[in-house]
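What follows is a short report on a single structure.
Throughout, a chain's letter reflects where its sequence line sits, starting with A, and its residues are numbered from 1.
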There are 2 protein chains.
Amino acid sequence: MAPHAHPTDPSDMPLGPRQRALLAVLRAANAELSGQELHERLRQSSQRHGLATVYRNLRLLQRSGLVRCRKLPNGESVYAPLERDDHHLTCVSCGHSEPLPICPVASGGLALTKVLLQGFKPLFHTFEIHGLCRSCQQSEPLAHG
Amino acid sequence: MAPHAHPTDPSDMPLGPRQRALLAVLRAANAELSGQELHERLRQSSQRHGLATVYRNLRLLQRSGLVRCRKLPNGESVYAPLERDDHHLTCVSCGHSEPLPICPVASGGLALTKVLLQGFKPLFHTFEIHGLCRSCQQSEPLAHG
DNA sequence: CGTATGCTGAGAATGGTTCTCGTTTTAGCA
DNA sequence: TGCTAAAACGAGAACCATTCTCAGCATACG
Ligand SMILES: [Mn+2]
Ligand SMILES: [Mn+2]
Ligand SMILES: [Zn+2]
Ligand SMILES: [Zn+2]
């Protein structure tokens with residue numbers, strides 16, 4: 001086994017300085033950040049990034065297996081470092097989303113006991129696995145579609 | 001236990017004819033449908049629905065616990081009847097999304113064996129529970145925010 | 001230097017979804 | 001069956017996060 005244990009072996013794609021900056025902000029943050037929020041935080045500290053660059057590198061970081069993202073009901077995407085493992089209860093009515101301290105993948109058992117739901121009434125769940133499909137692992141495409 | 005076993009007891013909100021039509025198309029379909037696709041299918045069969053009406057009733061059906069939705073990486077939302085329980089493997093590179101025949105909630109065990117992944121390389125997963133938060137269960141709001 | 005290659009970012013374009021608001025339908029009642 | 005208030009509808013405009021365009025800039029290398 002290799003000395004490092006990151007997914008998609010990040011060593012094979014060295015990470016530019018902008019990507020390191022993005023990753024640093026994400027890791028420093030205590031919550032998921034949207035593209036716009038990241039852009040904002042980078043305006044203040046360190047050097048300015050263009051919005052296009054933020055999104056571009058966010059996509060690359062995602063492909064490298066360093067960053068994950070989920071889409072909020074209002075349409076915006078929020079990002080977090082992959083090593084942070086959090087899930088949420090999201091209300092289909094008001095869109096409010098609060099932490100859910102359980103992960104069906106980590107815990108072999110998955111106990112969705114009522115205590116954890118704390119009055120939240122689940123209507124449906126989403127369990128998606130994002131990654132690289134077979135063909136994209138072979139070629140190294142940038143095309144989206 | 002009540003004679004019917006639907007979530008959020010649909011009997012307390014009778015469902016208008018447009019909502020029944022939407023639900024029928026969703027149940028007849030063999031895959032998730034986007035708002036646009038639903039609008040299209042309703043143009044052909046039965047009566048025409050305006051696009052706004054499609055989205056409006058989709059939201060209501062979701063609140064009633066009859067329909068669920070997930071957001072594709074390209075931004076569009078796809079809908080399915082709640083009783084259909086399917087998940088997907090989605091590629092962060094090309095966006096392609098294929099069925100994943102496993103559900104972490106139903107199966108107590110959750111065996112993400114390599115056989116199921118079939119060469120797909122998972123980078124991260126999403127497990128979200130959507131439903132009604134406490135405050136929204138009390139009041140019956142229509143506001144979105 | 002000279003050139004090839006890739007990254008950057010201001011601004012324009014995109015496109016799914018939501019909003020607006022006048023019209024149409026429904027519901028309740030006499 | 002008429003009559004009115006409330007609710008649902010829908011064409012088109014507005015929204016807005018994200019992506020695209022493309023000229024300018026950085027870096028590598030002989
Ligand atoms: Mn997890
Ligand atoms: Mn399931
Ligand atoms: Zn709520
Ligand atoms: Zn792919």
Side-chain angles (χ1 to χ4, degrees), chain A residues 12-23 32-44 46-64 67-80 90 92-95 97 130 140-145, chain B residues 13-23 32-44 46-64 67-79 90 92-95 97 130 140-145:
Chain A
D12 58 8
M13 205 264 263
L15 281 199
R18 318 298 265 256
Q19 286 170 14
R20 272 197 301 279
L22 272 172
L23 198 48
E32 300 161 308
L33 297 177
S34 71
Q36 312 272 353
E37 285 167 335
L38 273 158
H39 178 238
E40 184 57 34
R41 296 205 182 188
L42 286 168
R43 176 195 316 289
Q44 300 165 350
S46 70
Q47 85 253 248
R48 310 176 69 231
H49 291 213
L51 197 48
T53 301
V54 169
Y55 283 112
R56 193 163 30 223
N57 287 315
L58 237 20
R59 207 163 28 195
L60 293 174
L61 283 170
Q62 209 170 147
R63 290 205 182 119
S64 306
V67 162
R68 64 184 168 78
C69 112
R70 74 179 173 114
K71 292 203 177 307
L72 300 180
N74 67 20
E76 66 182 7
S77 303
V78 289
Y79 302 83
T90 303
V92 292
S93 186
C94 66
S97 172
H130 300 254
E140 39 187 287
L142 285 205
H144 223 1
Chain B
M13 203 264 262
L15 282 197
R18 319 298 266 255
Q19 287 171 6
R20 271 198 301 280
L22 273 172
L23 198 48
E32 300 160 310
L33 297 176
S34 71
Q36 314 270 354
E37 285 167 334
L38 273 158
H39 178 238
E40 183 57 33
R41 297 206 182 187
L42 285 168
R43 178 194 314 290
Q44 300 165 351
S46 69
Q47 86 253 248
R48 310 176 67 231
H49 292 213
L51 196 48
T53 300
V54 169
Y55 283 112
R56 194 162 28 223
N57 287 316
L58 238 19
R59 208 162 27 195
L60 293 174
L61 283 170
Q62 210 170 146
R63 291 206 180 117
S64 306
V67 162
R68 63 184 169 80
C69 110
R70 72 178 175 116
K71 290 202 178 310
L72 299 181
N74 68 20
E76 66 182 8
S77 303
V78 288
Y79 302 83
T90 302
V92 292
S93 186
C94 65
S97 173
H130 300 253
E140 40 187 287
L142 284 205
H144 224 0

Worksheet item: Which residues pass the side-chain hydrogen bond (donor to acceptor under 3.5 Å, both in side chains) test with B:Ser97, sequence neighbours left out?
Response: B:Arg70, B:Thr90

Worksheet item: Are A:Leu58 and A:Tyr79 side-chain neighbours, meaning at least one heavy-atom pair lies under 4.5 Å?
Response: yes

Worksheet item: Name the one of A:Gln19, A:Gln62, A:Arg20 that satisfies side chain to side chain donor-acceptor pair (under 3.5 Å) with A:Asn57?
Response: A:Gln19

Discussion item. Just the rounded figure in Å: distance from P of D:dC16 to CG of A:Leu72.
Written reply: 16 Å

Item to complete: Send over the distance from B:Leu38 CG to D:dG10 C1', rounded to a whole Å.
Response: 17 Å

Worksheet item: Over how many whole Å does the gap from B:Gln19 atom CD to D:dA8 atom C1' extend?
Response: 10 Å

Worksheet item: Could you state the CZ-P distance from A:Arg59 to C:dC7, rounded to the nearest angstrom?
Response: 12 Å

Item to complete: Could you state the atom-to-atom distance from CG of A:Leu60 to P of D:dT19 in whole Å?
Response: 12 Å

Item to complete: Specify the separation, in whole Å, of atom CG of B:Leu33 and atom P of C:dT17.
Response: 12 Å

Discussion item. Could you check whether any side-chain heavy atom of A:Leu33 comes within less than 4.5 Å of a side-chain heavy atom of A:Val78, counting everything from C-beta outward?
Written reply: no

Discussion item. Just the rounded figure in Å: distance from P of D:dT19 to CD of A:Glu76.
Written reply: 13 Å

Discussion item. Taking the side chain as everything from C-beta on, heavy atoms only, tell me whether A:Gln36 gets closer than 4.5 Å to A:Tyr55.
Written reply: yes

Discussion item. Classify A:Ser34 by what it touches in the nucleic acid, base, sugar-phosphate, or nothing, heavy-atom distance under 4.0 Å.
Written reply: nothing

Practice prompt. Could you check which residues of residues 48-58 of chain B get a heavy atom under 4.0 Å from DNA chain D? Sort them by number, please.
Written response: B:Arg48, B:His49, B:Gly50, B:Ala52, B:Thr53, B:Arg56, B:Asn57

Worksheet item: B:His39 NE2 to D:dG12 P: how many Å, rounded?
Response: 12 Å

Worksheet item: Under 4.5 Å between any side-chain heavy atoms of B:Leu15 and B:Leu61, yes or no?
Response: yes

